Chemist: 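Before we start, here is the structure in question, set down as structure tokens.
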2 protein chains.
Amino acid sequence: METRELRYFVAVAEELHFGRAAERLGIAQPPLSRAIQRLERRLGVELLHRDNRSVELTAAGAVLLAEGRAALDAVEAAGRRTRRAGTGTGSAALVLVTKAGASGELLAKLLDAYAAEPGAVEIDVQLCGIGEQEGMLRDGRADVALLYLPFDSATGFDTEVLRSEGQIAVLPAGHPLSLETSLRTSDVTGLPGLPPPRWPRRDGTYPDGPGPKVRDHTQLLQLIMLGRTTAIMPESLRNQLGEKLVAVPVVDAPKVTTVIAWPPHSRSRALARLVEVATRL
Amino acid sequence: METRELRYFVAVAEELHFGRAAERLGIAQPPLSRAIQRLERRLGVELLHRDNRSVELTAAGAVLLAEGRAALDAVEAAGRRTRRAGTGTGSAALVLVTKAGASGELLAKLLDAYAAEPGAVEIDVQLCGIGEQEGMLRDGRADVALLYLPFDSATGFDTEVLRSEGQIAVLPAGHPLSLETSLRTSDVTGLPGLPPPRWPRRDGTYPDGPGPKVRDHTQLLQLIMLGRTTAIMPESLRNQLGEKLVAVPVVDAPKVTTVIAWPPHSRSRALARLVEVATRL
DNA sequence: GCCGGTGATACCTCCCGGGTATCGTGGCTG
DNA sequence: CAGCCACGATACCCGGGAGGTATCACCGGC
């Protein structure tokens, strides 16, 4: 199976429409139809059910969509990482990705400690939005990531645990609950007039609900300050809170584990060193 | 990057010889040379250093070799799993792979429990040699595996722990140590006249050393019975020992953990059910 | 019944993958 | 030191297939 065929199939499977898929791929519709037919013939499997009015995935097609995406990511990663390894200054630079707005203190310590190592290479730190890190690691835009379980998913990566911490509720100063010394999750989520914030989904849309839409942490803190919402977050963010905000430990919230994650087949010397430094912190 | 180019590059990188690589690929040498040149030009990176007498990998080439193998496995997996999903009886059969000679008792319980579930699909059990399981899971020949840590590596897979057990030393009956109630690793490995067995490597060759070559567990037990070697193995294999063999716990040997492992992007209903049943055992 | 949208087919072109023949270059050997 | 040989690169040719345009076949809706 060639990657071109996979790309074509994934496009059609996502659009469920040959015309739009062809447009997205920058080719005409007939070659696309033929390519899919050939693919089906070669695999001996019906991938799409064409109903002369609508296109839908068969069970086999759903499998190929999931597996094909993963395979395309792997191919893309191979290209990107090779390019980076070759065009670099000789010693390949590493790309580390972490969530924008996450506690920078751990990252700063890691970068400092690594830079002090002999033979340290340049590390390119990329900040990205919620849930993007896994994709970047998978398709080669990044080599290593700091992930926060259980918010992020580290499935398919090798990981080392760096830190585990509790969570705090962030409340506007003066709120009745801000006088408590500890809270439970249910105390915070069910507050009348303080609905939980709504984070964007991967496709940029927001779930329905009464809470305010937020895109990042500063926005969120601002909204809490204004008394419009409240939130539960890792306790290492406590020192990023301003004057008007109060943090109260939430005893039954799940622990947040910070891990350093990398693709399992990585064999880079620099990466191994970075991970080693991280675990020694 | 097309998979054909990746296959070509991996062949050359493994052979470090264009002629042999071309032969292995079933094409002539000139097209192979051109394909590699084009790949290098497109990536803008030198992958191989041709010295008019020898071919060697550059740093970027080494990266592409590792990443390319992974990508090719992913593409192959996509094809195989799709084929299986389509040509099956409708409800896709799962392929479970485990080491030949491993304790079958846990597997039997798992298969029985799963078969009793409503909507259970047929499970094809494949036995394979040492260290082959990861490859089979990676390239789609299998969907799920029973792995034994720390012997096998589960990096890159999702896993659930099924069991953890100690290890025993297996000695010929009558051996002085067989009267002990517990041993340490160093008691067993340093025995004069009882060198540890040699297992084949992935390429079929054996490491050097005095011990006898073994291919599987029955062979190994036979050799222990003959007083030619001795071995340390998980205690669940105790009930496979015959008359002439004695098992003694090895207190400082690492615990052996049996896990069920599957590729992280699997979304199959049947697989999820199987894993759920396994964790309930 | 006509129209519009959709995927499939027919047919053409041209690029590129693959083949054979040959060259250029070094290392090895007699 | 000359000739040979091993090996990758180059030159040139051919055929298949990828991609384009024009058109058909089917069917739902007004």
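Note that the structure is a prediction, hence the values are computed from the model and not measured.
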Chemist: Can you list, in residue-number order, the parts of residues 35-44 of chain B that come under 4.0 Å of DNA chain C, counting heavy atoms only?
Modeler: B:Arg38
Chemist: Hey, is CZ on A:Arg215 packed in by over 12 heavy atoms from elsewhere, all under 6.0 Å?
Modeler: no
Chemist: Please tell me if B:Ser33 has a side-chain N or O lying less than 4.0 Å from either OP1 or OP2 of D:dG8.
Modeler: no
Chemist: Nearest whole angstrom, please: distance from the P of D:dG16 to the CZ of B:Arg4.
Modeler: 16 Å
Chemist: With heavy-atom distances below 4.5 Å as the criterion, would you say the side chains of A:Pro263 and A:Arg81 are in contact?
Modeler: yes
Chemist: Whole Å only: how far is the CD atom of A:Glu5 from the C1' atom of D:dG17?
Modeler: 11 Å
Chemist: Count the heavy atoms belonging to other residues, nucleotides or ligands that lie under 6.0 Å from CG of A:Asp51, then report whether that count exceeds 12.
Modeler: yes
Chemist: Considering just the side-chain nitrogens and oxygens of A:Arg50, establish if one lies under 4.0 Å of OP1 or OP2 belonging to C:dT6.
Modeler: no
Chemist: May I ask you to say whether A:Glu14 pairs ionically with A:Arg69, meaning some side-chain N is under 4.0 Å from a carboxylate O?
Modeler: yes
Chemist: Would you tabulate the nitrogen or oxygen pairs shorter than 3.5 Å linking the protein to nucleotides 20-27 of chain D?
Modeler:
unit_1	atom_1	unit_2	atom_2	d
D:dG20	OP2	A:Ala28	N	2.7
D:dG20	O6	A:Arg34	NH2	3.2
D:dC26	O3'	A:Asn52	ND2	3.3

Chemist: Is the CZ atom of A:Arg267 crowded by more than 12 outside heavy atoms at less than 6.0 Å?
Modeler: no
Chemist: Within residues 6-19 of chain A, find the residues that approach DNA chain C with a heavy atom at under 4.0 Å, and present them sorted by residue number.
Modeler: A:His17, A:Phe18, A:Gly19
Chemist: Salt-bridge test for B:Glu23 and B:Arg20: reply yes if a basic N is under 4.0 Å from a carboxylate O, no otherwise.
Modeler: no
Chemist: Rounded to whole angstroms, how far apart are CD on A:Glu56 and P on C:dT6?
Modeler: 16 Å
Chemist: Tell me, yes or no, whether the heavy-atom count around B:Arg201 atom CZ, taken from other residues, nucleotides or ligands under 6.0 Å, exceeds 12.
Modeler: yes
Chemist: With the side chain counted from C-beta on, respond yes when A:Leu111 and A:Val125 share a heavy-atom pair under 4.5 Å apart, and no when they do not.
Modeler: yes
Chemist: Between B:Glu67 and A:Arg84, does any NZ, NE, NH1 or NH2 come within less than 4.0 Å of an OD or OE carboxylate oxygen?
Modeler: no
Chemist: Does the pair B:Glu76/B:Arg7 count as a salt bridge with the N-to-O cut at 4.0 Å?
Modeler: no
Chemist: Let me know the distance between CD of A:Glu2 and C1' of D:dA18, rounded to the nearest Å.
Modeler: 12 Å
Chemist: Scan side-chain atoms only and decide if A:Arg83 and A:Thr87 contain a donor-acceptor pair under the 3.5 Å cut-off.
Modeler: no
